[in-house]
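Quick note on labels: first sequence line is chain A, next is B, and so on, each numbered from 1. Computation of the quantities below employed the complete heavy-atom set of this structure, encompassing side-chain atoms and omitting hydrogens, waters and symmetry-equivalent molecules.
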Protein chains: 2
Amino acid sequence: MVGRSEDRYAAGVPPLPTDQSEQSDRPAPSAGRTARALARAELTRAILDSARHQLAEVGPAGLSLRAVARDLDMASSAVYRYFANRDTLLTALLVRTYDDLGAAAEEADAGPGVDPGTRLVAVGRAFRAWARAHPHEYALLYGSPVPGYVAPADTVAPATRITRVLLDIAASVPGAADRPADPAAHLDAVTAAAIAPVATLTDRPLAPESVARSLHAWATLVGAVSLELFGHLHRAVLDHDAHFEHVLRQVVTDLGA
Amino acid sequence: MVGRSEDRYAAGVPPLPTDQSEQSDRPAPSAGRTARALARAELTRAILDSARHQLAEVGPAGLSLRAVARDLDMASSAVYRYFANRDTLLTALLVRTYDDLGAAAEEADAGPGVDPGTRLVAVGRAFRAWARAHPHEYALLYGSPVPGYVAPADTVAPATRITRVLLDIAASVPGAADRPADPAAHLDAVTAAAIAPVATLTDRPLAPESVARSLHAWATLVGAVSLELFGHLHRAVLDHDAHFEHVLRQVVTDLGA
DNA sequence: CCTCGCGCAAGAGCAGTGCTCTCGTCGTGG
DNA sequence: CCACGACGAGAGCACTGCTCTTGCGCGAGG
């Protein structure tokens with residue numbers, strides 16, 4: 001009578017195929033260990049998908065391993081065969097989400113040959129559109145860090161995809177590789193050194209001044225979207241579309257594009 | 001034998017005064033209802049203080065009513081006599097924190113009569129300094145919203161204190177009340193209308209173009225601090241002080257100050 | 001062809017959470 | 001002086017992440 005809540009969901013319910021129709025014969029006794037490995041990969045993916053859906057609904061803090069297990073009609077303990085802890089699952093989710101956003105940004109970028117300002121506007125819009133379409137995912141990426149969780153190195157590469165897009169655009173601005181003509185615009189050595197590693201994200205030559213402009217643009221975009229999505233402009237700004245378009249125009253001007 | 005974890009902390013432990021020495025005679029039978037009300041106010045404050053400390057240590061998501069109760073040597077259920085919900089406690093914390101930050105910003109602002117650029121730099125530095133000194137509180141204010149929690153109207157006024165400081169500074173820029181001389185810099189009607197309510201935060205006259213500049217500056221500051229504090233520039237930027245100073249310079253330029 | 005072993009899922013259980021309800025106490029106002 | 005109301009404590013519910021043990025089923029080795 002104890003622990004009834006555990007199997008309540010498996011009571012009179014038929015197997016309920018997760019997405020594909022084959023599930024009761026999932027271990028498919030066809031090619032031995034290969035099939036097992038396949039099944040494992042599939043279930044891993046199914047868990048990730050379910051977690052993704054749950055994340056989109058209740059946010060990172062409400063992500064529950066047990067709910068994922070219920071969703072997939074398995075015991076909560078079985079999930080741990082695939083993800084050692086909640087953090088591991090979170091990392092996989094993080095990588096997937098960064099990649100998702102990075103892909104959206106890359107797709108929105110028209111690429112070299114197009115006016116940098118136009119490119120930046122397109123990517124900025126795509127960034128905001130993605131964030132608005134996936135607010136909880138955005139919060140996962142750019143909101144408060146999960147307490148006690150430190151993102152492993154695996155997440156760095158996907159996380160920098162969108163930054164790289166911005167840097168590429170900045171690099172396509174004429175003269176981005178050279179120091180600005182105006183000596184007053186020169187960066188001091190300390191600041192230049194501080195942001196130097198950022199330039200390695202792109203292959204194209206980029207003067208520190210341009211790197212700084214990119215970071216400035218990036219910070220503004222993140223700030224604007226965060227303020228909007230996290231409700232800080234909720235009562236103050238009426239038309240967020242119009243406001244963001246204006247921010248974009250300013251960002252383009254700042255980038256010198 | 002069940003529920004032992006509840007009273008474990010009150011076992012052989014002496015009353016342990018919270019901070020002041022008087023505690024066992026807290027109800028102080030002196031002036032009737034006044035004393036009771038006083039004691040109640042004191043305990044409410046003590047709970048808030050404890051929650052504040054816990055917040056600073058484990059972050060908003062890890063804030064636990066039971067831990068607060070343990071800290072104050074009372075039963076967890078007793079806390080509910082003072083705060084109906086975790087959300088109620090969160091709201092009180094939010095108001096207190098917004099006020100804390102707002103006060104820091106106001107204190108950093110040299111006020112009218114000083115060059116707007118200098119004021120903006122000072123407030124920007126104060127904002128970042130406060131955020132770095134209270135990272136979890138910053139996350140509470142400007143990080144992911146707590147799922148299921150919607151900030152009540154009480155939090156709006158404290159939340160806008162720092163915005164008001166920025167608007168005041170923008171209003172002190174010469175010509176901030178007038179439309180810019182350059183017609184190309186004129187805001188279109190839609191954008192102007194979108195941000196119009198923001199201008200009501202300050203008493204000083206402010207052209208929509210200046211309001212937009214303020215919002216732009218605010219977004220950049222929040223973005224820069226969020227990126228730094230939430231670890232997104234962790235591996236990319238070496239000297240965050242230098243980088244932020246550069247951002248500040250750009251923000252000042254953008255404000256036209 | 002049978003049996004062993006390994007991978008896996010399931011269940012129970014632990015410690016913790018927010019929150020509710022009940023009960024005993026204690027001080028105060030009628 | 002007594003009843004009422006505020007209050008603290010404790011038990012309990014439903015939930016969480018995570019661990020440990022048990023048992024099942026499949027493929028491979030003898």
Whole-Å distance separating the CG atom of A/Leu43 from the P atom of C/dC8: 10 Å

Tell me whether the guanidinium CZ or amine NZ of A/Arg40 lies under 6.0 angstrom from the six-membered ring centre of A/Tyr82 and within 45° of its axis. yes

When you measure from the side chain of B/Met74, which nucleotide among D/dC18, C/dA9, D/dA9 comes out closest? D/dA9

What is the ring orientation for B/Tyr138 with B/Phe230, classed by angle as parallel under 30°, tilted 30 to 60°, or perpendicular over 60°? tilted

Output a table of nitrogen or oxygen pairs between the protein and nucleotides 20-23 of chain D separated by less than 3.5 Å.
none

Please classify the nucleic acid contact of B/Leu89 as base, sugar-phosphate, or nothing, using heavy-atom distances under 4.0 Å. nothing

Do any side-chain nitrogens or oxygens of B/Tyr80 fall under 4.0 Å of OP1 or OP2 in D/dG8? no

Nearest-Å distance for atom pair CG/P, residues B/Leu72 and D/dG8: 11 Å

Grab the CD-P distance between A/Glu42 and C/dC8 for me, whole Å please. 14 Å

Given that A/Ala78 and B/Ser64 both sit by DNA chain C, which one's nearest nucleotide is further toward the 5' end? A/Ala78

note: B/Asn85, atom CG; C/dG18, atom C1'; distance rounded to Å ~ 9 Å

Salt bridge (charged side-chain N to carboxylate O under 4.0 Å, His left out) between B/Arg96 and B/Asp100, worked out: CA-CA 6 Å; B/Arg96 216 174 149 119; B/Asp100 196 21; over 6 Å; no

Do the side chain of A/Arg66 and the base of D/dG17 come within less than 3.5 angstrom through a donor-acceptor pair of N or O atoms? yes

Take the protein atom CG of B/Leu63 and the nucleotide atom C1' of C/dG18, then report the distance between them rounded to whole Å. 12 Å

Which nucleotide, D/dC18, C/dA10, D/dC7, lies nearest any side-chain atom of A/Arg86? D/dC18

Check this one for me: any side-chain N or O of B/Arg40 less than 4.0 Å away from OP1 or OP2 of D/dG5? no

Rounded off to whole Å, could you give me the CG-to-P distance for the A/Leu90 and D/dG17 pair? 11 Å

Nearest heavy atoms of B/Tyr149 and B/Thr91, plus distance in Å: OH-OG1, 2.5 Å

Between C/dT20 (P) and B/Phe83 (CZ): distance, integer Å: 16 Å

Sole candidate of A/Leu227, A/Leu248, A/Leu233, A/Leu238 that passes side-chain contact (heavy atoms from CB on, under 4.5 Å) when paired with A/His243: A/Leu233

Distance col, row A/Leu101:CG vs A/Leu141:CG, nearest 0.5 angstrom, shows 6.5 Å

Interatomic spacing from NE2 in B/His134 to CG in B/Leu229 - rounded to 0.5 Å: 11.5 Å

